[in-house]
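The next block holds one structure in the form of structure tokens; read it before the comments.
Letters go in sequence order (proteins before strands), and every chain restarts at 1. Side chains included, hydrogens not; waters and symmetry mates left out as well; all remaining heavy atoms used.
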Amino acid sequence: MSRLLTDNPVYVVGIGMHRYQFPTDTPYVSLGLTAIREALADAGLSWPQVGSAVVGTAALGMAAGRVMLRHLGSTGLEVAQVENASASGSTAFRQACLQVAAGEHDVAIAVGVDKFGDGRRAALKDGLTALSPTAHIPLLKFALLARRMMRERGWGVADIAGVAVKNHGNASLNPYAQFRKPRSLEQVLNAPPVAGDLTALQCTPRGEGAAAVVVASGAALRRLGLDPSRAVRVMSSVAVSERLAEDAADGMPPLVDLVRVSSQRALEAASIGPQDLDLVELHDAFSIEELLYVEAMGVCPVGEGAAFVGRGDAAIGARCAVNASGGLIGMGHPLGPTGIGQIAEITRQLRGEATGRQHRASRLGLAHMIGLGSVAVAHVLAREV
Amino acid sequence: MNNPSPAPELASFELARCGHCQAWSYPPDTWGCRCCGASASALSPTPAPHEPVLLEFVTLHTALTTSLPVPCVIGDVQLAPGVVEEALIATDGATVLTHGMHLRAERAPAETGARWWFRPVEVCA
């Protein structure tokens, strides 16, 4: 287990967002700069104080970073672009944290920005013919998984749809969310069917947006006079990929096992257990995911995901607020920004600044993201002061 | 999706078998063994060891690709030990399907965009 973040504390000191929204003609540069300027202002830092920028994007194409960042001033900082599918932003954040922990830079910024529709998947260029033309579309995998869980566990359509009701409700309280309307169970179930038992309101929307997070070393915190009470420590950072595509020993599909392994490693590296978590932001691109991932993370016992969400334990103010932001279903999932938006949400919550959707006084949060392939990236954040 | 192909060509549906670890992979022309990592030269195109089995299925209501007409039925199909692939099911509707059904691979109609689809054996008989 890497001790880099244990031995060299790294803190989130600034967060900024451009609201997630349905596709528009707004250039990505405008989206990204909005988030970056908000993050710098939040940190009380100026652009020349940032030593490195890691830009996470899945759909923009080559060299998106400098094209955007030059409008803040050409300071000579290190710039790199990261693509890791839906986990692009999470991976950018991880790289920024590791740069600071390794002593390469005192202050770095992770930026996620994306427009919908420009990206082409490498899986369609691998020279092989998949059995189904839908093979690389995640929706079908999760619709099939939902059906399997209903059959094996007796979960009903309302159990699964309940995730969407909760997360649309949370999103309605989040000014950065793509969807701002609370939805009833009836509305979710009666939305247009998409695949199997999943309706449109149980699926993440297409969209665009941006998120930015400034990270700094403990030394920089002191040297730059940053407010320690608003700094949130990055306790651990873990990235793994899926193992052989067979069910795990407990019968769970490889993707769920990936969530289990990655979150377990992140929690162990942070020296905490899943019951210590106050907040979780996770990849709920499709409603069924949240029920399976809270189990895989250990937030609730295996088999009790539906009961956990159904009795309100995952609600804001309850035992562990899951997707207080609205998650991918409600807040949106513009790819590059999503993982960094999770970090911003947990930071906002741990600071006690999530006006209108504030969870009870919280100390620990887990940000967990899945990327097509599949890959997983997990971070544990903590309020120390 | 309506079945437009009343007389499908019976085809030789194959997977890849690894000469080193004996694991199965799909497709047969894959770049290496998904289990032990042996190169493609160690893999041999081999007929499926058993009839494909339908593990799960759903109806797709929304057009996700330019080629695939909807509604249609997509299933998780076990092709060989350890090999489960998403595949198009040749059926007029999901109501005739059951879990564990045995399937037969057939050439899929061109308009589906798939090379193969899978028809329940019980329906074929």
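Taking CD of B:Glu56 as the start and CD of A:Glu152 as the end, the distance is 7.5 Å to the nearest 0.5 Å. Rounded to the nearest 0.5 angstrom, A:Leu131 CG and B:Leu79 CG are separated by 6.0 Å. Summarising the geometry, atom CG belonging to A:Leu128 is positioned 5.5 Å from atom CG belonging to B:Asp29; distances are rounded to the nearest 0.5 Å. Atoms CG and CG, on A:Leu144 and B:Asp76 in that order, are 4.5 Å from each other to the nearest 0.5 Å. For the atom pair CG (A:Leu140) and CD1 (B:Ile74), the distance works out to 5.0 Å, reported to the nearest 0.5 Å.
When all heavy atoms of A:Ser132 and B:Ala87 are compared, the pair lying nearest together is CB-CA, 3.8 Å.
In this structure, B:His20 places its NE2 atom where only 12 or fewer heavy-atom neighbours from other residues, nucleotides or ligands lie under 6.0 Å away. Around CD of B:Gln22, the count of heavy atoms belonging to other residues, nucleotides or ligands within 6.0 Å exceeds 12. Under a cut-off of 6.0 angstrom, the local environment of CZ in A:Arg153 is crowded, with over 12 non-hydrogen atoms contributed by other residues, nucleotides or ligands. A 6.0 Å sphere centred on CZ of B:Arg115 holds no more than 12 heavy atoms belonging to other residues, nucleotides or ligands.
Side chain to side chain, A:Thr134 and B:Glu86 meet the donor-acceptor criterion of an N or O pair below 3.5 Å.
Heavy atoms of A:Leu198 lying under 4.5 Å from chain B are absent altogether.
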Evaluate the side chain to side chain contact (heavy atoms under 4.5 Å, CB included) criterion for residues B:His61 and A:Val194: first the C-alpha distance (whole Å), next the side-chain angles of each, then the deciding distance (0.1 Å), finally the verdict. CA-CA 5 Å; B:His61 302 280; A:Val194 179; 5.9 Å; no

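Among B:Thr59, B:Val77, B:Thr65, B:Leu55, the residue with the largest count of heavy-atom pairs under 4.5 Å with chain A is B:Thr59.
B:Val58 has its side chain out of reach of A:Asp197: every pair of non-hydrogen atoms, C-beta onward, lies at least 4.5 Å apart.
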